[in-house]
Amino acid sequence: MRTVIVTGASRGIGKAIARAFAINGYNTLINYNKSVDSALEFIEDLKKEGLSVEGFKADVSNKNEADAMINYCIDKFGSIDVLINNAGIAQTKLFIDLTETDWDNMIRVNLNSVFYCTQPVIKHMLKKKRGKIINISSIWGIVGASCEVHYSAVKAGIIGFTKALSKELGPSNIQVNCIAPGIIQTDMIKDLDEKEIEELKNATPLLRLGTADDIAECALFLASNKADFITGQVISPNGGFVI
Ligand code: NAP
């Protein structure tokens with residue numbers, strides 16, 4: 001049985017990814033941080049369905065906590081075959097108003113976490129000469145978003161990280177890819193009003209926003225052996241919003 005770690009899996013895209021992998025027969029380590037109650041309920045529900053899941057509370061922007069999570073996964077499941085770096089935060093603010101704290105938080109949670117989780121996981125994958133890393137970026141990392149300069153910068157950073165690491169790890173048969181979702185219906189976009197949502201739908205050729213399940217399907221494919229010859233790529237499920 002293959003094992004996956006999904007960071008930030010208490011809500012939204014990470015939760016849908018974790019559910020999809022568990023249903024598809026993976027041992028699934030579900031990472032959560034602040035949403036303790038909903039995460040525990042989610043994990044319990046999956047266990048009741050007979051699925052092989054474990055939860056671990058960790059702030060993945062903290063190196064010690066990320067290390068503890070990875071050690072726990074190895075203890076419980078014996079290996080790590082797939083890592084999905086999904087945990088993230090967003091913030092909408094004029095660049096001129098950004099504080100140093102806003103900037104640091106954005107980098108720490110969205111980018112440092114990817115470094116902290118990937119490095120120890122790779123040590124295990126290198127021994128087996130096999131593994132898949134999937135990083136969740138955003139369309140804004142490709143085209144940039146006004147009033148989200150720090151978010152766009154970290155998401156572009158994740159794309160650079162993915163491309164560089166894929167070159168380094170290719171000879172070790174470890175694929176590193178990036179999913180750059182368009183606008184997806186989760187808590188992350190809860191501050192958009194109805195008019196803004198309508199405008200976004202109308203600007204999308206497929207005339208709808210994405211669902212967390214749309215992203216989960218893409219992650220499942222990239223983790224599967226059907227994607228063994230794909231590495232260093234940015235796949236953007238976005239309904240045609242960015243082409
Ligand atoms: P969401 O509904 O707000 O969920 C964010 C998740 O990240 C939560 O499970 C949260 O866990 C977790 N998280 C945040 N900080 C964390 C930390 N320090 N340690 C561990 N977990 C942490 O957002 P989402 O829409 O699902 O976003 C998931 C990913 O997709 C993010 O990387 C986001 O940038 C990216 N994305 C989203 C969209 C979109 O339109 N929704 C588009 C493109 C890309 P707790 O609540 O337990 O703390």
Side-chain angles (χ1 to χ4, degrees), residues 5-20 28-43 55-70 72-73 83-92 104-118 134-145 148 150-159 161-162 178-192 196-197 200-201 203-204 208-216 218-219 234-239 241-242:
I5 295 182
V6 187
T7 70
S10 53
R11 298 183 282 119
I13 292 171
K15 183 176 182 178
I17 293 175
R19 184 189 290 111
T28 304
L29 189 90
I30 294 171
N31 160 245
Y32 57 97
N33 187 32
K34 292 182 182 156
S35 306
V36 177
D37 291 345
S38 59
L40 293 180
E41 196 183 317
F42 173 50
I43 293 159
F56 194 87
K57 182 180 178 325
D59 172 355
V60 288
S61 71
N62 176 306
K63 182 172 168 28
N64 292 336
E65 294 188 29
D67 282 342
M69 173 182 78
I70 285 141
Y72 181 83
C73 184
L83 168 67
I84 305 193
N85 285 309
N86 164 79
I89 52 168
Q91 185 185 35
T92 307
D104 285 347
N105 276 343
M106 192 58 73
I107 305 271
R108 207 170 37 80
V109 177
N110 289 16
L111 201 51
N112 288 9
S113 63
V114 176
F115 170 55
Y116 296 149
C117 293
T118 306
I134 300 169
N135 301 315
I136 307 297
S137 174
S138 162
I139 47 168
W140 304 132
I142 302 171
V143 296
E148 292 188 72
H150 53 345
Y151 183 78
S152 302
V154 293
K155 292 300 186 181
I158 287 175
I159 291 173
F161 175 100
T162 300
C178 192
I179 300 177
I183 320 287
I184 309 299
Q185 282 168 305
T186 69
D187 292 347
M188 196 165 267
I189 63 158
K190 66 179 184 311
D191 292 338
L192 296 177
E196 288 168 317
I197 297 275
L200 286 166
K201 283 184 187 169
T204 305
R208 70 169 176 91
L209 302 188
T211 65
D213 289 334
D214 289 325
I215 308 308
C218 186
V234 181
I235 296 185
S236 186
N238 65 44
F241 187 74
V242 169

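Numbering starts at 1 and runs along the sequence shown. All ligand and atom numbering here is 1-based and tracks the order in the structure.
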Identify every side-chain donor-acceptor pair in residues 180-189 under 3.5 Å, counting partners at least two apart or on other chains, and give the distances.
from, atom 1, to, atom 2, distance (Å)
Thr186, OG1, Met188, N, 3.1
Asp187, OD2, Arg11, NH1, 2.9

Applying side chain to side chain contact (heavy atoms under 4.5 Å, CB included), run through Val234 and Ser137 and close with a yes or a no. CA-CA 9 Å; Val234 181; Ser137 174; 5.8 Å; no

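- Annotation: side chain of Asn110 is in contact with side chain of Lys155 (closest heavy-atom distance under 4.5 Å).
- Using a heavy-atom distance under 4.0 Å as the criterion, the protein contacts of ligand 1 are Gly8, Ala9, Ser10, Arg11, Gly12, Ile13, Asn31, Tyr32, Asn33, Lys34, Ser35, Ala58, Asp59, Val60, Asn86, Ala87, Gly88, Val109, Ile136, Ser137, Ser138, Tyr151, Lys155, Pro181, Gly182, Ile183, Ile184, Thr186, Asp187, Met188, Ile189.
- In this structure, the side chains of Ile5 and Cys117 stay at 4.5 Å or more apart for every pair of heavy atoms.
- Residues Val60 and Glu65 fail the side-chain proximity criterion, which asks for heavy atoms closer than 4.5 Å.
- Aromatic ring orientation, Phe56 versus Tyr72: tilted (interplanar angle from 30° to 60°).
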